[in-house]
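For reference, the structure discussed in these notes is given below.
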2 protein chains.
Amino acid sequence: MAKHEKISEAVVRRLPIYLRYLSYLQQNEVTTVSSQQMGKNLDVNPAQIRKDLATFGDFGKKGIGYDVNYLVEKIRQILKLTDEIRVALVGAGHLGHAISNYNAYLKDNMRIAAIFDNDPGKLGKEVAGIPIQPLNELADTIAQRQIKLAIITVPAPAAQSVCDQLTQAGIKGILNFAPTTIRAKKDVRIHYADVTSNLQSLAYYLT
Amino acid sequence: MAKHEKISEAVVRRLPIYLRYLSYLQQNEVTTVSSQQMGKNLDVNPAQIRKDLATFGDFGKKGIGYDVNYLVEKIRQILKLTDEIRVALVGAGHLGHAISNYNAYLKDNMRIAAIFDNDPGKLGKEVAGIPIQPLNELADTIAQRQIKLAIITVPAPAAQSVCDQLTQAGIKGILNFAPTTIRAKKDVRIHYADVTSNLQSLAYYLT
DNA sequence: TAGATTGTTAATCGATTAACAATC
DNA sequence: TAGATTGTTAATCGATTAACAATC
């Protein structure tokens with residue numbers, strides 16, 4: 001039975017990792033998997049995996065393990081990946097282009113549904129079949145197309161303003177590639193993926 | 001005085017964030033900053049910031065705060081950003097191209113010094129002024145150019161093999177954009193930055 | 001039944017925050 | 001001196017891991 005404790009961010013970050021491995025097993029027609037096997041493949045403690053999953057329900061069978069198809073379905077439900085989730089991308093520079101072309105990868109019901117950029121030279125052009133729109137169309141488009149998440153790939157100085165416009169338009173989750181901290185109301189989730197800080201913290205561990 | 005406890009990963013991940021804000025203050029010719037001011041701007045608890053910094057030494061002055069220039073220098077030392085750090089990029093697809101063009105951004109003594117890809121159609125071509133080399137030159141090039149870190153932007157099925165070749169060549173830190181878990185010896189640090197899992201965990205928080 | 005593996009409790013470990021003496 | 005702010009200790013909070021009864 002699903003419990004209603006508050007779920008830790010660490011658990012939510014691991015679920016997509018589990019899902020990815022389980023999808024891989026599905027493709028290979030594996031029907032059952034144990035926490036031990038998952039842990040070995042994903043470098044996660046098996047007790048951790050069992051505990052994570054038990055947070056949401058009794059998905060396994062004692063002595064047997066987890067049914068792969070069933071677990072995939074359950075995790076997709078938990079992550080709300082059952083209906084298509086539409087994503088806006090703001091910033092059609094090199095990185096924006098690259099991520100737009102990821103649409104093929106973003107199976108599992110995620111889709112980049114709109115691209116915004118204020119560069120007049122880019123307006124009207126298309127990236128991966130999606131037209132580039134000016135930012136003044138952001139609010140309307142997000143409402144019309146029921147876009148729920150956004151990716152920011154604008155330069156750092158523009159990121160906070162874009163963030164403000166996105167949250168104004170009702171976006172509740174942002175993946176920020178701009179190398180700057182951005183702030184929003186507490187009910188807006190912000191994940192960071194910028195290359196620079198990632199590399200800099202890696203540097204700490206050298207020699 | 002620098003203490004020799006073991007430093008938690010959380011601290012190391014925050015240092016680049018502090019550094020970024022401090023650089024911003026430098027540009028604005030601010031000479032002194034308090035943990036309170038930093039905390040307010042970065043959404044981090046001021047006690048956290050003081051504790052993080054105190055791990056490495058007594059950098060502040062009671063009643064005054066931190067000298068911006070001095071703190072920048074100290075954090076750069078801690079993160080080993082004093083000498084140029086060379087980075088290899090493996091996978092010259094759209095994302096690889098985008099990141100290569102980040103070289104301008106990666107000031108602070110980071111530089112992409114080599115690009116590898118096995119697509120025969122790409123060999124010999126250049127990205128952002130850097131020639132694309134075949135993977136069989138990876139080990140030699142990494143040794144010659146004293147490359148210390150690597151970014152993986154190859155498709156998921158190739159990522160583990162690339163990781164193996166990189167660690168074989170002595171790389172100790174990897175930033176992985178491929179949507180798959182990769183494994184390496186414990187002395188190799190792997191950071192993940194793939195778009196899919198980031199977006200999927202954001203989806204959890206919707207509605 | 002014997003072996004395997006879950007779900008869960010208890011123990012451990014680690015990270016964050018509050019509070020305050022020291023001191024600029 | 002009065003006000004501000006650090007560095008650090010103690011308290012709190014949260015996350016991970018070990019262990020094992022339940023049970024397939």
Side-chain angles (χ1 to χ4, degrees), chain A residues 1-18 21-22 25 30-72 74-75 78 186 201 204, chain B residues 1-18 21-22 25 30-72 74-75 78 186 201 204:
Chain A
M1 306 300 116
K3 291 146 203 168
H4 273 289
E5 314 153 9
K6 60 184 164 324
I7 308 301
S8 88
E9 188 177 332
V11 177
V12 175
R13 285 204 165 268
R14 281 189 294 266
L15 289 178
I17 311 301
Y18 300 160
Y21 179 61
L22 292 162
L25 292 179
V30 177
T31 56
T32 302
V33 67
S34 68
S35 60
Q36 188 157 103
Q37 189 191 340
M38 286 182 70
K40 206 171 118 192
N41 276 276
L42 300 175
D43 258 344
V44 179
N45 183 303
Q48 175 96 266
I49 295 175
R50 294 200 298 279
K51 196 154 210 282
D52 285 355
L53 296 174
T55 313
F56 300 100
D58 289 3
F59 298 152
K61 285 209 182 21
K62 293 189 167 101
I64 308 291
Y66 299 90
D67 181 273
V68 173
N69 289 331
Y70 181 71
L71 196 49
V72 164
K74 281 301 173 187
I75 294 181
I78 294 164
K186 268 204 233 59
S201 57
Y204 173 79
Chain B
M1 308 300 117
K3 292 146 203 168
H4 273 289
E5 314 154 6
K6 59 182 164 325
I7 310 303
S8 87
E9 187 175 331
V11 177
V12 175
R13 284 204 165 269
R14 281 189 294 267
L15 289 178
I17 311 302
Y18 301 160
Y21 178 62
L22 292 163
L25 292 179
V30 177
T31 55
T32 303
V33 68
S34 67
S35 60
Q36 188 158 105
Q37 189 191 338
M38 286 183 71
K40 206 171 117 191
N41 277 276
L42 300 175
D43 257 343
V44 179
N45 183 303
Q48 175 95 264
I49 295 176
R50 293 201 298 280
K51 194 153 214 281
D52 285 356
L53 295 175
T55 312
F56 300 100
D58 288 3
F59 298 152
K61 285 211 183 17
K62 292 187 167 105
I64 309 289
Y66 299 91
D67 180 273
V68 174
N69 290 331
Y70 181 71
L71 197 50
V72 162
K74 282 299 174 188
I75 295 181
I78 294 163
K186 269 205 232 61
S201 56
Y204 173 81

Atom [atom1] of [X] and atom [atom2] of [Y]: how far apart are they, to the nearest 0.5 Å?
| X | Y | atom1 | atom2 | answer |
| --- | --- | --- | --- | --- |
| A:L22 | A:L71 | CG | CG | 5.0 Å |
| A:M38 | A:N45 | CE | CG | 12.5 Å |
| A:K74 | A:D58 | NZ | CG | 11.0 Å |
| B:I49 | B:Y18 | CD1 | OH | 4.5 Å |

### Message
Listing request: all side-chain hydrogen bond (donor to acceptor under 3.5 Å, both in side chains) pairs with a residue in residues 60-69 of chain B, at least two apart in sequence or in separate chains.
### Response
B:Q26-B:N69
### Task
Using a 3.5 Å limit on both pairing distances, list the dot-bracket string of DNA chain D from the 5' end; Watson-Crick and G-U wobble pairs count, crossing pairs take [ ], interstrand pairs take |.
..||||||||||||||||||||||
#### Entry: Phosphate OP1/OP2 of C:dG7 contacted by A:Y66 side-chain N/O (<4.0 Å)
yes
### Query
If you look only at pairs with a residue in residues 31-51 of chain A, which of them pass as a salt bridge (charged side-chain N to carboxylate O under 4.0 Å, His left out), with sequence neighbours excluded?
A:D43-B:R183
Which pair of heavy atoms, one from [X] and one from [Y], lies closest together, and at what distance?
| X | Y | answer |
| --- | --- | --- |
| A:S201 | B:P16 | N-CG, 3.9 Å |
| A:T32 | A:V68 | N-CG2, 3.7 Å |
| A:I7 | A:F56 | CG2-CZ, 3.7 Å |

### Message
Taking side chain to side chain contact (heavy atoms under 4.5 Å, CB included) as the definition, give me every residue that meets it alongside A:S8, ordered by chain and number, with sequence neighbours left out.
### Response
A:A10, A:V11
### Task
Kindly write out the residues that satisfy side chain to side chain contact (heavy atoms under 4.5 Å, CB included) with B:E9, not counting sequence neighbours, or none if the list is empty.
A:Y205, B:R13, B:R189, B:H191
Figure out the [atom1]/[atom2] separation between [X] and [N], and round it to whole Å.
| X | N | atom1 | atom2 | answer |
| --- | --- | --- | --- | --- |
| B:Y18 | D:dT6 | OH | P | 12 Å |
| A:D52 | D:dT16 | CG | P | 7 Å |
| B:Q48 | D:dT6 | CD | C1' | 16 Å |
| A:D67 | C:dT5 | CG | C1' | 15 Å |
| A:M38 | C:dT5 | CE | P | 14 Å |
| B:I49 | C:dT17 | CD1 | P | 11 Å |
| B:I7 | C:dA15 | CD1 | P | 10 Å |
| A:L53 | D:dT17 | CG | P | 15 Å |

### Task
Answer yes or no: is there a side-chain heavy-atom contact under 4.5 Å between B:F59 and B:I75?
no
### Query
For B:Y21, what residues pass the side chain to side chain donor-acceptor pair (under 3.5 Å) criterion, not counting sequence neighbours?
B:Q37, B:N41
### Query
Which ones in residues 8-17 of chain B lie close to DNA chain D, meaning a heavy atom under 4.0 Å from one of its atoms?
none
### Message
Using a strict heavy-atom distance below 4.0 Å, which residues from residues 30-37 of chain B are in contact with DNA chain C?
### Response
none
### Task
Take nucleotides 18-24 of chain C nucleotide by nucleotide from the 5' end and write B, S or -, depending on whether a protein heavy atom sits under 4.0 Å from the base, only from the sugar-phosphate, or from neither.
BB--BBB
